**Q** 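A single structure is presented below for examination.
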Amino acid sequence: MQKELTKKNERVEEVFHLFIKHIQGFLEEAKLNHEEYTNFVNWADRLGRTGEFPLYADVFLETHVLKAMYTEKPGTQPSLLGPYFIEGSPLIEAEPGKPLVLTQRPDEAGEVLYFKGNVSNVDGKKLANTRVEMWHNDASRKYSAFDSDAPRYNFRGHFYTDENGDFEVKSIVPLPYSIPTDGPTGEFLAYTDQHPMRPAHLHLMFEAEGHETLITQVFFEGDEYLETDVADGVRLDLLTNLIDKGDHKEASLNFVMRTL
């Protein structure tokens, strides 16, 4: 076992050499004195010890990697997976002639939302039986399973597109929310004079055989945080309109997956 763990891996070696090279370059360019360097190392240590490194990476790193990888490629742009995804969501099935209903409590607070989508690929083929995972926050601006009193899988579920690649889900309109600010990530935001807010969004993950998994988000026109999203996760092709239907809102967006 130990022999397997220490086996040479040229790709890992290449990546880590680049990591050290650019960290050293950053330290040289920043011209840190020893006290500043020590403070930086202690802050990074707290980032790891508090479990906030995934949060920090989501907010300040992942979106830039995704932009570099996908901006020039055809298909729907990916966005952040985010720190609030959990495995094991329930399968959601619809009654004939009715939309899917995302898992929620009876008399859930919030504006009712009917969200429609279609899934196809870059060649124009409609993708039937695509697995779609969906999750978002509730009217308290919290995600279930994370500092929330809601059931673990509240506003979480997965389902499959129909024979035309279509789906329709009944849920509520998600709300803008603040990322955690009481730890080292919040300290970083204070140092750089940035607000902690994310615009309201739906999370979606699409999986279809022969296609690259698409992890993305859907945002709503008019949200005050679209241009200043702390995670810089907004893409123009991920915007949709909320249409007021009196007793509920409607929104829709089509998604295009890349073939492998």
Side-chain angles (χ1 to χ4, degrees), residues 47-59 62-63 78-95 98-117 119 129-161 167-186 196-208 213-220 223 225 229-231 233 238 248-249 251 253 255:
L47 192 68
R49 288 178 183 273
T50 58
E52 282 197 10
F53 184 77
L55 171 67
Y56 184 87
D58 280 343
V59 173
E62 184 177 353
T63 194
S79 192
L80 312 172
L81 175 67
Y84 300 120
F85 171 73
I86 60 174
E87 300 279 358
S89 72
L91 172 64
I92 308 299
E93 297 182 280
E95 297 179 27
K98 294 185 178 181
L100 300 150
V101 179
L102 201 62
T103 304
Q104 56 193 270
R105 294 165 289 190
D107 302 318
E108 192 79 50
E111 289 186 284
V112 174
L113 171 67
Y114 287 86
F115 180 73
K116 296 180 181 180
V119 185
N129 205 40
T130 297
R131 186 184 190 278
V132 185
E133 183 98 24
M134 182 174 174
W135 68 103
H136 62 80
N137 66 3
D138 63 19
S140 72
R141 304 178 191 267
K142 295 179 179 180
Y143 286 82
S144 65
F146 292 90
D147 192 29
S148 169
D149 59 3
R152 180 171 177 80
Y153 293 108
N154 208 51
F155 291 123
R156 299 177 185 273
H158 69 274
F159 47 87
Y160 293 85
T161 58
F167 64 90
E168 181 179 12
V169 183
K170 179 183 178 183
S171 189
I172 66 164
V173 179
L175 296 175
Y177 67 91
S178 170
I179 66 169
T181 59
D182 56 353
T185 303
M197 298 300 294
R198 294 220 63 208
H201 56 275
L202 304 171
H203 290 268
L204 293 120
M205 181 189 304
F206 301 89
E207 296 176 289
T213 296
L214 172 62
I215 300 170
T216 195
Q217 299 178 13
V218 174
F219 302 89
F220 304 101
D223 192 296
Y225 298 108
D229 176 13
V230 66
L238 303 181
H248 68 275
K249 298 287 180 67
L253 198 67
F255 303 89

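Heavy-atom basis, side chains included; hydrogens, waters and symmetry copies ignored. Positions are given from 1, in the same order as the sequence printed here. None of these values were measured; they are calculated from a predicted model.
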**Q** Dump the intermediate steps for side-chain contact (heavy atoms from CB on, under 4.5 Å) on Arg105 and Asp138, then the final yes or no.
**A** CA-CA 11 Å; Arg105 294 165 289 190; Asp138 63 19; 3.5 Å; yes

**Q** What about the rings of Phe85 and Trp135, do their centers lie closer together than 6.0 Å?
**A**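 Yes, the ring centres sit under 6.0 Å apart.
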
**Q** Could you state the interatomic distance from OG (Ser79) to NE2 (His203), rounded to the nearest 0.5 Å?
**A**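 It comes to 8.5 Å.
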
**Q** Apply ring-ring contact (aromatic ring centres under 6.0 Å, His included) to the pair Tyr153 and His158, showing each step before the final yes or no.
**A** CA-CA 11 Å; Tyr153 293 108; His158 69 274; 9.8 Å; no

**Q** Please answer whether the main-chain N or O of Leu175 pairs with a side-chain N or O of Asn137 as donor and acceptor at a distance below 3.5 Å.
**A**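 Checked: pair present.
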
**Q** Can you measure from CZ (Arg198) to CD1 (Ile179) and round to the nearest 0.5 angstrom?
**A**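 These two atoms lie 9.0 Å from each other.
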
**Q** With sequence neighbours excluded, tell me which residues meet salt bridge (charged side-chain N to carboxylate O under 4.0 Å, His left out) with Glu87.
**A**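 Partners of Glu87 under the salt bridge (charged side-chain N to carboxylate O under 4.0 Å, His left out) test: none.
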
**Q** For the residue pair His248 and Tyr114, does the interplanar ring angle fall in the parallel (under 30°), tilted (30 to 60°) or perpendicular (over 60°) class?
**A**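 The arrangement is perpendicular - the two ring planes meet at more than 60°.
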
**Q** Taking only residues two or more places apart in sequence or in another chain, which ones pass salt bridge (charged side-chain N to carboxylate O under 4.0 Å, His left out) with Lys249?
**A**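 Result, salt bridge (charged side-chain N to carboxylate O under 4.0 Å, His left out) vs Lys249: Glu111.
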
**Q** Listed by chain and number, what are the salt bridge (charged side-chain N to carboxylate O under 4.0 Å, His left out) partners of Asp58, not counting sequence neighbours?
**A**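 Partners of Asp58 by the salt bridge (charged side-chain N to carboxylate O under 4.0 Å, His left out) criterion come out as none, since no residue qualifies.
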
**Q** Calculate, to the nearest 0.5 Å, the distance between atoms OH and CG belonging to Tyr160 and Leu91 respectively.
**A**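 Spacing of OH (Tyr160) from CG (Leu91) equals 6.5 Å.
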
**Q** How many angstroms lie between atom NZ of Lys116 and atom CD of Glu168, to the nearest 0.5 angstrom?
**A**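 It is 4.5 Å, given to the nearest 0.5 Å.
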
**Q** Taking only residues two or more places apart in sequence or in another chain, which ones pass side chain to side chain contact (heavy atoms under 4.5 Å, CB included) with Ser171?
**A**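 Counting only residues at least two positions away or on another chain, Ser171 forms a side chain to side chain contact (heavy atoms under 4.5 Å, CB included) with Leu102, His136, Phe155.
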
**Q** Return a table of donor-acceptor pairs under 3.5 angstrom between the side chains of residues 144-152 and protein atoms on other chains or two or more places apart.
**A**
{"residue": "Ser144", "atom": "OG", "partner": "Arg152", "partner atom": "O", "Å": "2.7"}
{"residue": "Ser144", "atom": "OG", "partner": "Asn154", "partner atom": "N", "Å": "3.4"}
{"residue": "Ser144", "atom": "OG", "partner": "Asn154", "partner atom": "O", "Å": "3.0"}
{"residue": "Ser144", "atom": "OG", "partner": "Arg156", "partner atom": "NE", "Å": "2.8"}
{"residue": "Ser148", "atom": "OG", "partner": "Ala150", "partner atom": "N", "Å": "3.1"}

**Q** Just verifying a value: how many Å separate Thr213 OG1 and Glu207 CD, rounded to the nearest 0.5 Å?
**A**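 So the OG1 of Thr213 and the CD of Glu207 are separated by 4.5 Å.
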
**Q** Please identify each residue that fulfils salt bridge (charged side-chain N to carboxylate O under 4.0 Å, His left out) with Arg49, with sequence neighbours left out.
**A**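 Applying salt bridge (charged side-chain N to carboxylate O under 4.0 Å, His left out) to Arg49 gives Asp45.
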
**Q** Determine whether Phe167 and Val119 make a side-chain contact, defined as any pair of heavy atoms from C-beta on separated by less than 4.5 Å.
**A**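 Yes. Closest side-chain heavy atoms under 4.5 Å.
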
